[in-house]
Amino acid sequence: MKYSVKDTVFRDMFSKKKYLIQLYNSLHPEDKAITQADLEIVTLQSILLNGIYNDLGFMVRGKQLMILVEAQSTWSANIVIRALIYLMSTYQDYFNANQIQLYGSHKVKMPKPELYVIYTGDKGNHPDVLSLKDEFFPDMDCCIDAKVKMIYLQDSDDIIDQYIGFCRVCTEQVALNGRTLKAVKEIIRICRDRNLLREYLSERETEVEEIMLTLFDQEHVWNIERNNIRAAALVEGWDKGKAEGINQGILQKETQVVLSMFRHNMSVEDIAEINDLSIDKVKEILKTAAVLH
C-alpha cells in the first residue's frame, strides 16, 4: 500500500464504478454511449517482488481499450518507466486470464493501451506528453517507446479537477494543522464547501477520516523512530568523540530506516520525502544493501 493519503483516496474512490465512469467521461467526452457495465477494473494487486501497486487500471467494453491512470504529486521523469512496467504487468495478467498463447504462430488480439498521469502539482514547464524515448534516449535510435498523457489542473469542475483540488486542500491543511484530526475535519469541510468530491466525501466520511488518521499515525510513528534513531546515533557518535563516528552512526541508522520502510512496500519517492533525502540517495542506499537492482 502506498503511503500517501491522497493516493489511497484516489484508489478507493475510483474502485467504485459510479466515480470511475466520471473519470472515463473526462478522458473521453466524445463517448456518449458508455455505461458502468462497459467498465472492468483491472488494477494490479502486486507486481514484481517488492509489492509495488499501481493506482488504477480498467478495461473498456471488454477487450477494446485498456486505461491505466496514476496520481502523482511530485514530478519525476521516472513516471513513464513505472507506467510501462504497470502496462506490461497488466497485459501479462490479461493474457494469462484469457489463456492467450504468445508462443504460437497466430497473431493475438490485445486491447489498445492508454496511459495517463494526473499531476496534482503546478504544470510549470512540464510537457503534455511524457515520452520514454524523448526523456531517456533523445539523441539515439530506440527500439521501444511509451507515452504518458499528463493531466494538469484545468478550469473545469470534472472529477479530475475536483481530485486535484482535494489534494491541494490536503496539502494546505496539513501545513496549517499538522497531521491531526482537526486537519482531517477541515479537509472534508472545505472540500464540501468548494464542491470538491462532495458526494464521495459525504458518502464515505467515516472511512475517509479513518484512512487519513491511520496514515497520519503511521507517519507519526515513523518520524518518532527516525528521530530517535538519529538522536541515538548522535549520542553514540558524541561518546566516541569523533565526527566520523557521528556521521557513520547516522548513516547506519538511516540505512536501517530506509530498508525497513522499503520492506514495508513504501515507494522510493515516499521514503525520500519522509526522511528528507533525495530519491537518488535512497536508491543508493537500497542498491548498497542489494535490495534494489
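All heavy atoms count here, side chains included; hydrogens, waters and symmetry mates do not.
Annotation for K147: atom NZ does not count as buried by contact number, only 12 or fewer foreign heavy atoms lying within 6.0 Å. Within 6.0 Å of the NZ atom in K149, the count of heavy atoms belonging to other residues, nucleotides or ligands does not exceed 12. Atom CD of E30 has more than 12 neighbouring heavy atoms from other residues, nucleotides or ligands inside a 6.0 Å radius.
Salt bridge K287/E284: absent, no basic N to carboxylate O contact under 4.0 Å. By the 4.0 Å N-to-carboxylate-O rule, R61 lies close enough to D31 to be salt-bridged with it.
Listed by chain and number, the residues in a ring-ring contact (aromatic ring centres under 6.0 Å, His included) with F10 are F14, Y163 (sequence neighbours excluded).
Here L56 contributes atom CG and L23 contributes atom CG; the two are 6.5 Å apart, rounded to the nearest 0.5 Å. Atom CG of D193 sits about 9.0 Å away from atom CD of E186, to the nearest 0.5 Å. Between the CZ atom of R204 and the CD1 atom of I188 there is a distance of 11.5 Å, given to the nearest 0.5 Å. Taken to the nearest 0.5 Å, the CD1 atom of I85 stands 9.5 Å off from the CG atom of N78. Taken from CZ in R198 to CZ in F166, the straight-line distance is 15.0 Å, to the nearest 0.5 Å. The CG atom of L286 sits 9.0 Å away from atom OG1 of T255, with the distance rounded to the nearest 0.5 Å.
Between N177 and E172, every side-chain heavy-atom pair lies at or beyond the 4.5 Å cut-off. Taking the side chain as every heavy atom from C-beta outward, V60 and M66 never approach each other to under 4.5 Å. At a threshold of 4.5 Å between non-hydrogen side-chain atoms, the residues L44 and L68 do not count as touching. Residues I34 and I21 meet the side-chain proximity criterion, which asks for heavy atoms closer than 4.5 Å. V148 is not listed as a side-chain neighbour of L84, based on a closest heavy-atom distance of 4.5 Å or more. Looking at heavy atoms from C-beta onward, M13 lies in side-chain contact with I159 at the 4.5 angstrom threshold. Side-chain contact check for I151 versus L27: some heavy-atom pair is nearer than 4.5 Å. At a threshold of 4.5 Å between non-hydrogen side-chain atoms, the residues I164 and I118 count as touching.
Using a distance-only test at 3.5 Å, with no hydrogens or angles considered, a donor-acceptor pair links the side chain of Y91 to the main chain of P111. Distance alone, capped at 3.5 Å, is enough to place a donor-acceptor pair between the D158 side chain and the I160 backbone. Of the possible polar contacts, one joining the R168 side chain to the T120 backbone as a donor-acceptor pair under 3.5 Å is found. The closest donor-acceptor contact from the side chain of N54 to the backbone of Y86 lies at 3.5 Å or more, if one exists at all. Using modelled atom types, one side-chain atom of Q22 and one backbone atom of K18 make a donor-acceptor pair closer than 3.5 Å. Proximity of a side-chain donor or acceptor of R192 to a complementary backbone N or O of E199 within less than 3.5 Å is not detected. Within the 3.5 Å criterion, the main-chain N or O of D157 finds no donor-acceptor partner in the side chain of D161. In this structure, Q162 contributes its side chain and L197 its backbone to a donor-acceptor pair below 3.5 Å. Using a distance-only test at 3.5 Å, with no hydrogens or angles considered, a donor-acceptor pair links the side chain of K17 to the main chain of L39.
Closest approach of S76 to I79, counting heavy atoms only: O-CG1, 2.9 Å. Shortest non-hydrogen contact noted between D145 and S131 is OD1-OG, 3.1 Å. Shown here for M59 and G62, the closest heavy-atom pair between the two residues is CE-O, 3.4 Å. When every heavy atom of G178 is checked against every heavy atom of A183, the shortest pair comes out as O-CB, 3.1 Å.
By the rule that hydrophobic residues join a cluster once side-chain heavy atoms approach within less than 4.5 Å of another member, L181 and V169 end up as members of one cluster. Following chains of ILVMFWY side-chain contacts shorter than 4.5 Å, one can reach F137 starting from I81, so the two form part of one hydrophobic cluster. Hydrophobic clustering of Ile, Leu, Val, Met, Phe, Trp and Tyr side chains at less than 4.5 Å, counting indirect connections, keeps L115 apart from V129.
For the residue pair D55 / T43, no side-chain donor-acceptor distance below 3.5 Å is found, with atom types taken as modelled. Judged purely by distance below 3.5 Å, without hydrogens or angles, the side chains of T35 and D38 pair a donor atom with an acceptor atom. A donor atom on one side chain and an acceptor atom on the other are found under 3.5 Å apart for Y200 and D12. A donor-acceptor contact closer than 3.5 angstrom links the side chains of E114 and Y116. When only modelled atom types and interatomic distance are considered, Q101 and H106 share no side-chain donor-acceptor pair under 3.5 Å. Between the side chains of R82 and Q72, at least one donor N or O lies within less than 3.5 Å of an accepting N or O.
Residue pairs meeting the ring pair (Phe, Tyr, Trp, His ring centres under 6.0 Å) criterion with at least one member in residues 58-78, sequence neighbours excluded: W75-Y119, W75-H126.
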